[in-house]
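Here is the structure we will look at.
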There are 2 protein chains.
Amino acid sequence: MARPSNFDRDNAVQTAMQEIWSAGFDASSVKAISEKLGITRSSYYNAFGTREALFKEALAAYFAQSPDRILYTDVSNVPILTLLTSTLRDICASRAQDPEARGCLAVNCLCEKADTKGDPIGDLLIDSILTSAARLEELLTIAVSRGELPAETDVHGKALALQNLIIGISAFSKAVHNKADLWLTARTTLEGLGLYSEE
Amino acid sequence: MARPSNFDRDNAVQTAMQEIWSAGFDASSVKAISEKLGITRSSYYNAFGTREALFKEALAAYFAQSPDRILYTDVSNVPILTLLTSTLRDICASRAQDPEARGCLAVNCLCEKADTKGDPIGDLLIDSILTSAARLEELLTIAVSRGELPAETDVHGKALALQNLIIGISAFSKAVHNKADLWLTARTTLEGLGLYSEE
DNA sequence: TCTGTTTTGTCCATATGTGTATAAAACGAA
DNA sequence: TTCGTTTTATACACATATGGACAAAACAGA
């Protein structure tokens with residue numbers, strides 16, 4: 001029978017995720033995270049393997065609590081534009097009420113990475129963003145098929161603009177902390193794109 | 001008579017700026033930059049003082065060659081919307097043709113910083129972004145006074161949306177490398193905001 | 001040649017950080 | 001109690017990085 005672990009692995013991933021979100025990936029060294037978790041480096045290596053492996057888990061944990069996770073749920077009975085609008089509102093609220101103004105873990109780490117090409121973590125982050133853009137395009141395509149948007153809508157362009165809006169808000173929120181301005185930013189852009197819907 | 005310096009200080013600031021842009025601020029240690037410049041750490045300290053001081057100079061050097069510097073020039077004889085549109089086009093082109101897809105130094109460093117509050121560098125970056133947003137609002141106000149935009153335009157909201165677009169493009173360009181998609185993103189948003197003008 | 005000044009070079013004392021190897025500890029089952 | 005397995009603890013050999021102190025070098029002027 002193996003010796004039991006002193007710490008809860010799932011809680012540890014959560015704690016690591018919070019630390020990476022706060023301090024950035026480079027500053028979240030094996031030593032730093034081990035200390036944060038109150039474990040030795042041996043335990044870190046035994047539990048997670050590598051920094052990259054832990055990051056992947058932390059990223060998944062981050063997305064699992066992210067305001068935009070609802071975009072990946074079943075949208076059969078939900079008006080798309082209302083969903084997008086409320087999601088943007090939640091994103092703005094979430095960023096505005098973060099005392100540390102951390103922005104978005106994924107965007108932060110993407111900007112933090114030096115040369116993202118060929119780097120496994122950089123590739124993972126890029127893939128996440130492109131996946132998100134593709135999902136937005138799917139949703140807009142559904143909106144068109146339901147008549148929520150005009151048939152001639154350039155769903156690809158609108159999806160890119162929407163994804164860019166989300167990314168921008170996350171970075172902008174590190175400079176603009178007040179919720180009203182963040183929401184005004186999002187709302188103005190949504191209205192301009194014809195994607196705003198309050199109900 | 002003092003011993004002359006072995007290296008050109010202005011060139012050194014340029015080189016440091018490029019390195020910080022490529023590798024990020026945290027990775028641009030005194031040791032790393034000194035090696036990049038081919039000087040000893042003593043020389044670094046003698047020439048620049050602190051990492052923070054060098055960063056300030058590097059940031060100024062970065063803005064001096066940034067596509068959006070033209071927004072701070074005299075706009076007496078320039079249609080504002082045309083200026084904004086061509087500036088966004090230049091930003092997209094600039095990001096797309098960077099082989100390293102570095103995005104924007106200022107946005108990268110802002111996202112890289114852990115807790116930006118109370119940190120001199122973080123404050124400087126935040127200030128830069130807020131200054132940029134204020135300048136955009138000025139320009140939009142001029143556009144309204146000239147009749148380029150309707151009198152009832154919410155220049156504050158539009159300026160925030162525009163600033164957010166610029167920030168977003170810089171981060172998005174680390175994932176989307178092709179110029180056409182970047183420009184489509186910008187153009188779609190500009191058109192939506194009523195700020196697009198090709199001539 | 002000496003002087004004053006600045007720059008470069010080197011050393012010092014610390015601090016952070018890495019992956020690996022290995023022994024000790026902790027557990028349930030036999 | 002012994003055994004097998006996993007976890008924790010510790011050591012090893014390196015590596016990166018810092019600011020400061022101080023001596024040597026490089027220069028023009030006197």
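Just so it is clear, the structure is predicted and the values come from calculations on it, not from any experiment. Values below: every heavy atom of this structure, side chains too, minus hydrogens, waters and symmetry copies. Every chain is numbered from 1, with letters handed out A, B, ... down the list of sequences.
Between A/Phe48 atom CZ and D/dT7 atom P the separation is 12 Å, expressed in whole Å. Atom-to-atom, CD1 of B/Ile39 to P of C/dG9 comes out at 10 Å; the value is rounded to the nearest Å. Following rounding to the nearest Å, A/Glu35 (CD) and C/dA15 (P) show an atom-to-atom distance of 13 Å. When rounded to the nearest whole Å, the span between CG of A/Asp26 and P of C/dT18 equals 11 Å. Taking atom OH of A/Tyr44 as the reference point, atom P of D/dT6 lies 21 Å away to the nearest angstrom. Across the protein-nucleic acid pair, A/Asn46 atom CG and C/dA25 atom P stand 17 Å apart, rounded to whole Å. Rounding to whole angstrom units, CZ of residue B/Phe25 and C1' of D/dA17 are separated by 14 Å.
Where A/Pro4 and B/Ser5 meet DNA chain C, the nucleotide closest to each residue was compared, and B/Ser5 sits on the side nearer the 5' end. Closest-nucleotide positions on DNA chain D for B/Ala2 and B/Lys31 were compared, and the one nearer the 5' end corresponds to B/Lys31.
The residues B/Glu198 and B/Arg89 are annotated as salt-bridged, a charged nitrogen and a carboxylate oxygen being separated by less than 4.0 angstrom.
Counting distance only, with no hydrogens placed and no angle test, the side-chain atoms of B/Arg3 and the base atoms of C/dT7 include a donor-acceptor pair under 3.5 Å.
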Could you go through nucleotides 10-15 of chain D and list every protein N or O atom that sits under 3.5 Å from one of its N or O atoms, giving the distance for each pair?
| from | atom 1 | to | atom 2 | distance (Å) |
| --- | --- | --- | --- | --- |
| D/dT10 | O4 | A/Ser42 | OG | 2.8 |

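Residue contacts for B/Phe7: at a heavy-atom cut-off of 4.0 Å it reaches the sugar-phosphate backbone alone, with no base atom in range.
Within the model, atoms NZ of A/Lys158 and CG of B/Leu184 stand 10.5 Å from one another, a figure rounded to the nearest 0.5 Å.
The list of salt bridge (Lys or Arg N to Asp or Glu O under 4.0 Å) pairs with a residue in residues 3-18 of chain B, not counting sequence neighbours, reads B/Arg9-B/Glu57.
Not one side-chain nitrogen or oxygen of A/Ser43 sits closer than 4.0 Å to the OP1 or OP2 atom of D/dT7.
Remark: the A/Gln18 side chain and the A/Arg102 side chain contain an N/O donor-acceptor pair separated by less than 3.5 Å. For the residue pair A/Thr85/A/Ser197, the side-chain donor-acceptor check at 3.5 Å is not satisfied. Side-chain atoms of A/Ser128 and A/Thr131 include no donor-acceptor pair closer than 3.5 Å.
Note: B/Tyr62 and B/Trp21 have perpendicular aromatic rings, judged against thresholds of 30 and 60 degrees for the angle between ring planes.
With C/dT6, D/dT18, C/dT18 as the choices, the nucleotide that has an atom nearest any side-chain atom of A/Arg51 turns out to be C/dT18.
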